[in-house]
Chemist: 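Could you have a look at this structure, given as structure tokens, before my questions?
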Amino acid sequence: MTKKDYIKLLETIGLYMELKGENTFKVSAYRKAAAALEQSQVPIDELADFTVLPGIGKGVSEVLNEYRATGESSLLEELKEAVPAGHIQMLKIRNLGAKKIVKLYKELNITTIDELKAACESHAVSGLTGFGKKTEETILQGIQDLETKKEHITIHEAVKLTGFINQTLEEAAHVKRFAVAGSHRRMKELSKDLDYIVVTDDALAAAKEIEAFTFIQHIEVSGQEKVSVTVKMDDLESGVDFRFTDDKGFVQMLNHFTGSKEHNVKMRQLAKARDEKVNEYGITLADGTLKQYDSEEAIYKHYQLNYIPPEMRDDVTAFEVEQSEILKLSDIRGDLHMHTTASDGAFELEEMIEACIQKGYDYMAITDHSRSLKVANGLSVERLLAQNQKIKELNQAYSEIDIYSGIEMDILPDGTLDYADDVLKELDYVIAAIHQSFNQSEEETMQRLINACQNPYVRQIAHPTGRLIGRRSGYAVNMAELIEVAGQTNTVLEINANPMRLDLSAEVIRQYPDIKLAINTDAHHTSHLEFMKYGVGTAIKGHVKREQVLNTLTREAFHDWLQKGKTT
DNA sequence: GCCGTTTTCGGCCCGACTGTTTTCAGTCG
């Protein structure tokens with residue numbers, strides 16, 4: 001049983017208890033225990049006594065011990081006897097919670113979504129006290145949405161959607177300022193909806209203006225404080241909340257609605273301990289005055305805390321992290337993976353250089369595709385050496401930036417590399433990557449990756465798992481082994497910053513605190529250089545320290561690192 | 001069910017919106 005199984009058990013117990021009508025604090029105790037387990041960095045098998053974790057006491061630990069010993073939970077079995085399985089599914093229906101489900105069960109003996117649907121259609125539901133015609137319609141709509149709507153949008157879908165929405169908001173007369181909050185600001189790979197904080201002098205006028213946006217399909221909620229809508233653009237659909245505030249309340253509201261829920265609970269507990277109260281409007285001091293700060297840094301400072309970046313607010317472990325070690329976007333001094341028109345990029349070599357200078361970088365590497373990748377117009381040896389020569393000349397012409405000559409070289413299915421060593425030794429920065437034969441066994445795939453790491457000229461493995469978020473899971477990698485070999489051979493692993501990839505992921509990186517990384521955009525267009533913020537966000541989410549990241553080195557230090565070669 | 005430098009009992013984070021009510025419960029974030 002993995003840690004995930006234990007977490008799932010506690011969460012499932014919580015769900016069943018809620019549906020059984022148990023005390024809400026008891027229910028949340030099980031959820032807190034699940035969160036405590038998730039946040040623990042101790043491997044589950046080494047955790048002899050569960051009660052050492054805050055939030056896990058005698059009761060929960062007995063459940064976990066039984067599960068560890070037998071693989072089962074008598075508590076969960078009892079709950080399953082008492083609660084119809086269909087009720088768990090029914091909880092997924094929007095605007096339908098445990099209380100209503102219990103009432104529908106007691107009054108109409110409804111146990112499944114199908115039965116609920118029939119009861120709504122025959123108007124049996126609206127006959128119950130506390131239920132009306134509207135509720136019946138809401139439930140039917142909720143059932144339909146559950147069947148047709150996707151549960152989440154991916155981060156790259158969120159990037160695309162917010163791009164459109166931002167543009168429209170910028171032109172809105174009653175919108176003075178706005179920002180994205182919520183899970184997308186925390187840079188989650190998947191988001192349930194999008195959250196906007198909107199500064200306005202006239203909330204009702206702004207609401208009216210927003211509700212008239214052409215891409216809004218449905219208005220769910222419309223009030224003084226917020227508007228909730230469904231937006232649809234091309235084939236993308238998502239819920240979007242707009243929260244209204246004035247200039248002074250902006251930062252507090254941004255902080256509150258960035259969450260996460262667990263982060264906010266912790267903040268409120270801190271406030272309470274000081275006899276203060278914090279909510280989306282500000283901090284109410286002990287004497288009753290409302291304090292509103294104009295930066296999030298100041299909010300954390302109020303509690304004698306270091307600033308916690310949004311990416312680290314998914315759980316409360318960030319409250320313990322030393323600020324000086326946290327990576328920042330401005331720490332990145334160069335981008336080491338990008339393409340030009342020589343292979344499948346959209347811009348010329350010189351245009352990519354100019355764009356990197358605009359970004360303020362100290363160095364960059366040009367890494368087009370290698371000869372085997374025919375669909376991407378991969379470079380023959382002749383073209384590669386010619387490009388290498390040209391880059392060395394251009395390097396003389398640009399004093400602002402060091403331009404390194406590289407390649408994104410394919411690791412072929414048989415484990416050999418796409419160029420011989422006597423070609424590779426001419427280059428400054430060789431990246432190896434897998435672009436074909438994704439279906440090989442883990443053993444075959446690992447042999448390819450290990451071969452690449454062991455080559456004396458390969459400095460980096462690009463997008464190490466080959467995954468595309470929400471689309472494909474990538475090839476079979478033994479991550480622990482890859483990281484070990486990469487460490488031994490002084491080969492850097494990439495965080496590919498393209499929001500389709502984010503590979504390695506934050507989840508993986510966090511498990512290996514000593515891993516050496518490079519964060520690169522893999523830009524095929526000058527605008528893709530902006531993806532760096534998603535790569536850095538992923539690193540921050542993975543609690544990466546600045547020292548772990550190759551391209552935080554200064555211009556001179558990076559030059560020295562290259563000169564030194566792979567053997568130390 | 002968990003927790004404790006004011007507590008081993010009595011708390012446990014806070015507010016908006018909706019629908020069904022006629023003052024509030026349920027749900028969501």
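Computed from a predicted model, the values in this text were never measured in an experiment. Proteins come first, then strands; the chains are lettered A, B, ... in the order of their sequence lines, and each starts at number 1.
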Chemist: Let's test this: given Watson-Crick or G-U wobble pairing with both distances under 3.5 Å, identify the partner of B:dT18.
Modeler: B:dA25
Chemist: Please state the P separation for the pair B:dG26 and B:dT20 - nearest whole angstrom.
Modeler: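 Per the computed distance, 14 Å lies between those P atoms.
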Chemist: Round to a whole Å and report the spacing from CG of A:N255 to P of B:dG15.
Modeler: 16 Å
Chemist: Applying side-chain hydrogen bond (donor to acceptor under 3.5 Å, both in side chains), which residue pairs with at least one partner in residues 74-92 of chain A are found, sequence neighbours left out?
Modeler: A:E66-A:S74
Chemist: Give the nucleotide from the list B:dC2, B:dC14, B:dG29 with an atom nearest to the side chain of A:V60.
Modeler: B:dC2
Chemist: Quickly work out the A:D195 CG to B:dG29 C1' distance and round it to whole Å.
Modeler: 8 Å
Chemist: Base, sugar-phosphate alone, or nothing: which one does A:K133 contact when heavy atoms must sit under 4.0 Å apart?
Modeler: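 It contacts sugar-phosphate atoms only.
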Chemist: Under 4.0 Å, counting only non-hydrogen atoms across every strand here, what does A:K261 touch: a base, just sugar-phosphate, or nothing?
Modeler: nothing
Chemist: Given atom CD1 of A:I56 and atom C1' of B:dG1, what is their separation to the nearest angstrom?
Modeler: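 Rounded to whole Å, this separation is 11 Å.
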Chemist: So what does A:K266 touch, heavy atoms closer than 4.0 Å: a base, only the sugar-phosphate, or nothing?
Modeler: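 It contacts nothing in the nucleic acid.
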Chemist: What is the distance, rounded to the nearest whole Å, between atom CE of A:M267 and atom C1' of B:dG29?
Modeler: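 In whole Å, B:dG29 C1' lies 17 Å from A:M267 CE.
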Chemist: Could you state the atom-to-atom distance from CG of A:N23 to P of B:dC3 in whole Å?
Modeler: 16 Å
Chemist: Could you measure between the two C1' atoms, the one in B:dT8 and the one in B:dC2, and give it in whole Å?
Modeler: 12 Å
Chemist: Against A:Y196, only a single residue in A:F250, A:F244, A:F242 fulfils ring pair (Phe, Tyr, Trp, His ring centres under 6.0 Å); can you say which?
Modeler: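 Result: among A:F250, A:F244, A:F242, A:F242 is the only option passing the ring pair (Phe, Tyr, Trp, His ring centres under 6.0 Å) with A:Y196.
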Chemist: Checking contacts here: which listed nucleotide (B:dG1, B:dC17, B:dT27) is nearest the side-chain heavy atoms of A:N95?
Modeler: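 Looking only at heavy atoms from C-beta outward on A:N95, the closest nucleotide is B:dT27.
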Chemist: Parallel under 30°, tilted from 30 to 60°, perpendicular over 60°: which one fits the rings of A:Y534 and A:H184?
Modeler: tilted
Chemist: What does A:S222 touch in the nucleic acid at a heavy-atom separation under 4.0 angstrom: a base, only the sugar-phosphate, or nothing?
Modeler: sugar-phosphate
Chemist: Answer syn or anti for B:dT20, where the cut-off is 90° from 0 on the glycosidic torsion.
Modeler: anti
Chemist: Evaluate whether atom NZ of A:K150 has more than 12 neighbouring non-hydrogen atoms of other residues, nucleotides or ligands under 6.0 angstrom away.
Modeler: yes
Chemist: Ring centres of A:Y67 and A:Y6 under 6.0 Å apart?
Modeler: yes
